[in-house]
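First up is the structure itself, then whatever we jot down about it.
Lettering of chains follows the sequences in order, A, B, ..., and the numbering in each one begins at 1. Because the structure is predicted, anything quoted here is derived from the model rather than measured.
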Number of protein chains: 2
Amino acid sequence: MATKKTAARVTKRTPRRSVLSDEIYDMIKAMIFNHEIEPGARVNIDSLSVQLEVSQTPVREALARLESDGLIAKEPLKGYKATQLLSIKELNDLFQFRLLIEPWAAEQAAKLIDNTGKTALKAEMQSAKTALKFAGDGQFQALSEHDSRFHTLISSISGNNTVADFYERTHCHLHLFRLYMANKLHLIDGETRGDFVQNLFEQYYQSGSGQLAIKEHDAIAKAILEQNPKAAKTAMHAHIESSLKRFSPVAAARN
Amino acid sequence: MATKKTAARVTKRTPRRSVLSDEIYDMIKAMIFNHEIEPGARVNIDSLSVQLEVSQTPVREALARLESDGLIAKEPLKGYKATQLLSIKELNDLFQFRLLIEPWAAEQAAKLIDNTGKTALKAEMQSAKTALKFAGDGQFQALSEHDSRFHTLISSISGNNTVADFYERTHCHLHLFRLYMANKLHLIDGETRGDFVQNLFEQYYQSGSGQLAIKEHDAIAKAILEQNPKAAKTAMHAHIESSLKRFSPVAAARN
DNA sequence: ATCTTGAAAATACTATACGAAATAGTATTC
DNA sequence: GAATACTATTTCGTATAGTATTTTCAAGAT
């Protein structure tokens, strides 16, 4: 009988990856990320649960969390809808917030980094460079993902979990990626300001600023690895300001 | 016609206070706030729904939101439990974070405040003083609520909604109040270190530091009302550091 | 023609019951 | 005494039904 039970257990379906509602949360977030759910679009619980082939319960929990993340908004008795793209002011506010915490985080990271951290930081920079060489069409996405990991890594090395946590909660790379995608999609739709937008991206992200961002990351990483707090702080500050300058025209094109 | 419509709406049963799950969210948060749900205690969906006399659905949504607020932790397949009290490190991290954003917010507030803001700020200071005169037993709670409103107000006057939002999400007054209450309750339970704790609170919160905090608030409010950004920034910085000093021994007593 | 209005349809919200699966605790076997 | 098997409890997800509210839209009133 023991054998029988064991056999039964072996044949049993995979032991359950995690909690379904967490997976649904990630899935919906991804849908927002890549415009499967467009900014401002209504999010219907029923159709989502049908689409994802789960019941409403996990969908509801996921949406509740996404709401408190500020990624979707709830209007009582009217339902959820994806939040709009960042306005110019919101973009500025967000980057001002980042300017308050991230330069400090970089400074701390330079002070406190250990060998594990150094290895991780070097690895991230290395993998980013090789990935960006081949990314091709998905280059901006690859850049965005690297950017997210890079900043997350530094804030975690800072040793202050509260700061690291709040950086995460900005979901800034998600917001920036949505801005990028929104313009890109308009381009595909063949809007007349296509040339402007096209120029913007080719110039800023794929050839120009993509490389520029990596250069800025290099400067930050270098300062941290050399344990030079002042330099790390300045480099991070410069990077965030420079990044804001790159994104402002994109947001402006939509406001 | 318009009249008729209005009439019909009036006779109709109350248009529904809001969404139940929002109310439940507030209720559970309040239960955490005042130790009806103790730190680390398990939170059972079923019993909560029975206790609050609602079904499980709104409880689930509320708990999902509370989790992303960091007030409740979820262990997959084991359920929810209230988070522990802040450790010394967490307290330090939290206050470091506040030091990064709140002095800046005070500075901005001093630059940008308008008449509406001035009126609100004066009113808050005034009502706090009168409330604290009469509060008696609930003095610390009154102080805590004033503190929360005061800092929220300033961060909102700063004009940066992202910063204001993230200040809110620290739930710092809730965490501090829990620390306070935890010690207070132990006192009631008659623990032997009662004298120590008693002394701590009588000295720091009810007579001493309660007044001190108000004095510090006064200095901040004055600087902002006089539109002196530099002074506002330094005053806020000093206040947060001083506040941390007041709470550290409390947290230390529990770690 | 514009504006109400009011029913039908769609959707959000809540309640409830059930089942599958995992955890935790207890008993049993070797 | 340790590994195993069994039981109880609890979480997690599903399904479904019913109510409340918003939305839609076409007929009727101004």
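As a whole-Å value, the separation of B/Lys74 NZ from D/dT11 P is 13 Å. Atoms CD (A/Gln56) and P (D/dC12) sit 19 Å apart, rounded to a whole Å. Rounded to a whole Å, the CD atom of A/Glu61 is 7 Å from the P atom of D/dG13. Taking atom CG on A/Asn44 and atom P on C/dC13, their separation rounds to 11 Å, with Å as the unit. Between A/Ile72 atom CD1 and C/dA12 atom C1' there is a gap of 14 Å when expressed in whole angstrom units. Going from atom CG of B/Leu48 over to atom C1' of C/dA15 covers 17 Å, rounded to whole Å. B/Arg42 has its CZ atom 8 Å from the C1' atom of D/dT10, to the nearest Å. Across the protein-nucleic acid pair, A/Leu77 atom CG and C/dT11 atom P stand 15 Å apart, rounded to whole Å.
Residues B/Arg65 and B/Asp69 are not paired through a salt bridge, judged by the lack of any N-O separation under 4.0 Å between the basic side chain and the carboxylate. Using a 4.0 Å cut-off between charged side-chain N and carboxylate O, B/Arg169 and B/Asp165 make a salt bridge.
Ring orientation note: the planes of A/Phe97 and B/Phe97 are nearly perpendicular, at an angle over 60° on the 30°/60° scale.
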(request) Output, in order, the C-alpha distance, side-chain angles, deciding distance and verdict of side-chain hydrogen bond (donor to acceptor under 3.5 Å, both in side chains) for A/Thr162 and B/Glu90. (result) CA-CA 7 Å; A/Thr162 302; B/Glu90 287 166 338; over 6 Å; no
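Distance from the side chain of B/Lys78 is smallest for C/dA24 among the nucleotides D/dC12, D/dT22, C/dA24. The side chain of A/Val19 lies closest to D/dC12 when the candidates are C/dT14, D/dC12, D/dT14.
The stretch residues 27-47 of chain B participates, sequence neighbours left out, in no salt bridge (Lys or Arg N to Asp or Glu O under 4.0 Å) pair at all. Within the structure, the salt bridge (Lys or Arg N to Asp or Glu O under 4.0 Å) test picks out the following pairs touching residues 144-164 of chain A (sequence neighbours left out): A/Glu124-A/Arg149.
Looking at heavy-atom distances under 4.0 Å, B/Asp46 makes no contact with the nucleic acid at all.
Residue B/Ser55 places none of its side-chain N or O atoms closer than 4.0 Å to OP1 or OP2 of C/dT14.
From one end of the helix from C/dA1-D/dT30 to C/dC30-D/dG1 to the other, with five pairs defining each end axis, the axis direction shifts by 10° (rounded to 10°).
Heavy-atom minimum distance, B/Ile45 versus B/Leu63: CG1-CD1, 3.6 Å.
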